Visitor: 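Sending over a structure as structure tokens; questions will come in a sec.
The structure displayed is predicted, hence computed values, not measured ones.
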Amino acid sequence: QVQLVESGGGLVQAGGSLRLSCAASGGTFSRYSIGWFRQALGEEREFVAAITKDGSLAYYADFVQGRFTISRDNAKNTGYLQMDNLRPEDTAVYYCAADSNSSGSSYYLDYHYWGQGTQVTVSS
């Protein structure tokens with residue numbers, strides 16, 4: 001089974017950018033679709049973006065509004081979430097997740113493998 005480790009979170013001012021990484025090990029990365037989810041304090045986990053196994057299709061939550069880009073490098077066993085024009089309401093713990101059965105699902109229960117999360121804080 002695959003293990004996931006997120007990195008790249010931090011504190012940024014509104015309008016700034018961050019690039020999150022999701023490093024995978026223990027499995028064949030290209031066999032898994034990758035999703036990014038986030039959970040703000042006191043809120044439910046919500047879908048951010050997902051990408052298919054070969055990287056040919058990407059899906060985004062409506063609130064992304066062209067600000068985030070999901071990508072992957074199967075040769076490096078790593079997924080990415082580039083986040084630009086960040087807003088204070090983007091503050092949350094961001095998780096990457098992997099699933100071998102679905103194809104870019106936005107439903108968190110479709111994902112069987114999860115990282116530990118990385119904190120993103122956007123100040124106003």
Side-chain angles (χ1 to χ4, degrees):
Q1 66 185 44
V2 65
Q3 291 83 45
L4 306 172
V5 178
E6 302 95 334
S7 61
L11 174 64
V12 63
Q13 289 188 332
S17 298
L18 285 173
R19 188 193 196 200
L20 306 184
S21 297
C22 175
S25 62
T28 303
F29 187 62
S30 60
R31 293 180 178 176
Y32 299 88
S33 62
I34 299 296
W36 286 93
F37 293 78
R38 70 184 188 184
Q39 188 166 17
L41 192 63
E43 302 290 332
E44 293 187 353
R45 191 167 299 191
E46 65 176 346
F47 170 74
V48 177
I51 190 166
T52 52
K53 299 173 185 179
D54 63 357
S56 61
L57 293 173
Y59 306 91
Y60 297 94
D62 289 343
F63 67 77
V64 169
Q65 297 178 339
R67 300 180 298 126
F68 299 175
T69 303
I70 189 172
S71 63
R72 64 189 297 159
D73 186 336
N74 286 345
K76 295 182 178 179
N77 293 337
T78 304
Y80 304 98
L81 184 67
Q82 175 68 40
M83 303 188 296
D84 299 316
N85 193 19
L86 284 161
R87 304 166 179 169
E89 54 264 39
D90 294 318
T91 295
V93 177
Y94 283 71
Y95 299 89
C96 72
D99 179 71
S100 61
N101 296 319
S102 67
S103 181
S105 172
S106 62
Y107 187 40
Y108 74 94
L109 287 180
D110 283 339
Y111 292 85
H112 295 88
Y113 306 104
W114 291 83
Q116 82 289 350
T118 185
Q119 176 71 47
V120 171
T121 303
V122 185
S123 63
S124 58

Visitor: From S106 OG over to E46 CD, what is the distance, rounded to the nearest 0.5 angstrom?
Guide: 11.5 Å
Visitor: Taking the side chain as C-beta and beyond, is there a heavy-atom pair between W36 and M83 under 4.5 Å?
Guide: no
Visitor: Check the pair Q65 / N85 against side chain to side chain contact (heavy atoms under 4.5 Å, CB included), numbers first and verdict last.
Guide: CA-CA 10 Å; Q65 297 178 339; N85 193 19; over 6 Å; no
Visitor: If I take atom CD1 from residue I70 and atom CD from residue Q82, how far apart are they, to the nearest 0.5 angstrom?
Guide: 12.5 Å
Visitor: Closest approach of S105 and A50, non-hydrogen atoms and distance?
Guide: O-CB, 3.7 Å
Visitor: Are the side chain of T52 and the backbone N or O of L57 linked by a donor-acceptor pair below 3.5 Å?
Guide: yes
Visitor: What is the distance from atom CG of D90 to atom OG1 of T121, rounded to the nearest 0.5 Å?
Guide: 11.0 Å
Visitor: Is the distance between the ring centroids of Y59 and F47 under 6.0 Å?
Guide: no
Visitor: On a heavy-atom basis, which atom in A92 and which in A40 lie closest, and how many Å separate them?
Guide: CB-N, 3.7 Å
Visitor: Indicate if V64 and I51 have the same hydrophobic cluster label, given that clusters are the connected sets of ILVMFWY residues with side-chain heavy-atom separations under 4.5 angstrom.
Guide: yes
Visitor: Do F37 and Y111 come within less than 4.5 Å of each other through their side chains, counting heavy atoms only?
Guide: yes
Visitor: More than 12 heavy atoms of other residues, nucleotides or ligands under 6.0 Å from CG of L41: yes or no?
Guide: no
Visitor: Which heavy atom of G115 sits nearest a heavy atom of Y95, and at what distance?
Guide: O-CD2, 3.7 Å
Visitor: Could you give the side-chain donor-acceptor pairs of residues 14-31 under 3.5 Å, partners two or more places apart or in another chain?
Guide:
{"residue": "S17", "atom": "OG", "partner": "D84", "partner atom": "OD1", "Å": "2.8"}

Visitor: Quick one: do Y94 and Y108 end up in the same hydrophobic cluster if we chain Ile, Leu, Val, Met, Phe, Trp and Tyr together by side-chain heavy atoms under 4.5 Å apart?
Guide: no
Visitor: Does one hydrophobic cluster hold both Y80 and F68, with members joined at side-chain heavy-atom distances below 4.5 Å?
Guide: no
Visitor: Do T91 side-chain atoms and V122 backbone N/O form a donor-acceptor pair below 3.5 Å?
Guide: yes
Visitor: Return yes if a side-chain donor-acceptor contact under 3.5 Å exists between N74 and R72, otherwise no.
Guide: yes
Visitor: Does V5 belong to the same Ile/Leu/Val/Met/Phe/Trp/Tyr cluster as I34, with side-chain heavy atoms less than 4.5 Å apart forming each link?
Guide: no
Visitor: Show the numbers, then the answer: is there a side chain to side chain contact (heavy atoms under 4.5 Å, CB included) between Q116 and E6?
Guide: CA-CA 7 Å; Q116 82 289 350; E6 302 95 334; 2.9 Å; yes
Visitor: Write down the atom of L4, the atom of A98, and the distance for their closest heavy-atom approach.
Guide: CD1-N, 3.7 Å
Visitor: Under a 4.5 Å cut-off applied to non-hydrogen side-chain atoms, are N101 and D110 in contact?
Guide: no
Visitor: Do the numbers put R38 on top of the ring of F63, so that NZ or CZ is under 6.0 Å from the six-membered ring centre and no more than 45° off the axis?
Guide: yes
Visitor: Compare all side-chain heavy atoms of Q13 with those of L86 and state whether any distance is below 4.5 angstrom.
Guide: no
